[in-house]
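Read the structure below first, then the notes.
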Amino acid sequence: AGPRPASSGERGSDRVLSIGGGTVAMATAAAAEGPPEARVQVAKQDPAVETAEEAKEPAEADINELCKDMFNKMATYLTGELTATSEDYKLLENMNKLTSLKYLEMKDIAVNISRNLKDLNQKYAGLQPYLEQINLIEEQVAALEQAAYKLDAYSKKLEAKYKKLEKR
């Protein structure tokens with residue numbers, strides 16, 4: 001890195017000049033403001049000290065062109081940032097619309113399921129007397145089956161007694 005003045009200040013009659021990270025203390029103000037040979041001599045005393053050249057300001061036209069270029073680039077950057085933010089909001093809006101449509105579809109499905117469930121409950125209520133009759137008939141058939149088994153067992157006993165009597 002080239003030499004750069006970092007700071008300068010005065011303490012009493014001594015001046016401190018900071019250049020490129022190094023500090024040079026000049027014994028008197030006269031030495032700092034004196035002829036160039038005195039300044040070179042102070043700089044030659046410390047080999048780590050760099051000498052600085054006076055910064056020259058660029059021409060007025062260059063500054064204007066650089067400012068225009070900077071503002072154009074900043075406008076382009078800000079336009080890009082705002083466009084990206086706008087696109088993000090548009091994407092979010094589209095996602096919200098799609099989500100809303102999905103919820104409407106789910107609502108319609110839930111309404112249809114509810115309606116179908118009510119219909120099924122009404123049909124079940126209409127079939128309930130028939131189901132009760134079927135259960136009653138099933139119980140009667142079971143009782144009749146038990147009676148048939150008892151009758152079969154009794155008839156087998158009678159047959160056995162008849163055969164026994166016949167043999168005699």
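Sequential numbering from 1 along the given sequence is applied to the chain's residues.
Looking only at side-chain heavy atoms (C-beta outward), Y162 and E159 stay at 4.5 Å or farther from each other. E93 places a side-chain heavy atom less than 4.5 Å from the side chain of K97. The side-chain heavy atoms of S114 and K118, taken from C-beta on, include a pair separated by under 4.5 Å. At least one side-chain heavy atom of M95 sits less than 4.5 Å from a side-chain heavy atom of L91. Here the side chains of L82 and S86 are not in contact, with every heavy-atom distance at 4.5 Å or above. Contact check for E65 versus D69: no side-chain heavy atoms found under the 4.5 Å cut-off.
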*L66/M70 under side chain to side chain contact (heavy atoms under 4.5 Å, CB included): CA gap, chis, key distance, verdict*: CA-CA 6 Å; L66 290 173; M70 181 195 66; over 6 Å; no

*Could you walk me through whether D152 and K156 pass salt bridge (Lys or Arg N to Asp or Glu O under 4.0 Å), step by step?*
CA-CA 6 Å; D152 186 46; K156 286 182 183 177; 3.6 Å; yes

*Starting from the C-alpha separation in whole Å, work towards a yes-or-no answer on side chain to side chain contact (heavy atoms under 4.5 Å, CB included) for C67 and I63.*
CA-CA 6 Å; C67 286; I63 290 176; 4.1 Å; yes

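In terms of modelled atom types and a separation under 3.5 Å, the side chain of T76 and the main chain of N72 share a donor-acceptor contact. Panel note: side chain S100, backbone N96; no donor-acceptor pair is recorded below 3.5 Å. A donor-acceptor pair is defined here as one N or O able to donate and one able to accept, closer than 3.5 Å; such a pair exists between the side chain of T85 and the backbone of E81.
The side-chain contact (heavy atoms from CB on, under 4.5 Å) test with I113 singles out one residue from N116, I109, V111, and that residue is I109.
In this structure, CG in N112 is found 12.5 Å from CG in L117, a value given to the nearest 0.5 Å. Rounding to the nearest 0.5 angstrom, the gap separating the CG atom in L158 from the CG atom in L165 is 10.5 Å. One distance of note links CG of L78 with CE of M74; it measures 6.0 Å at 0.5 Å rounding.
Counted within 6.0 Å of CD on E138, heavy atoms from surrounding residues, nucleotides or ligands total 12 or fewer; the atom is thus considered open.
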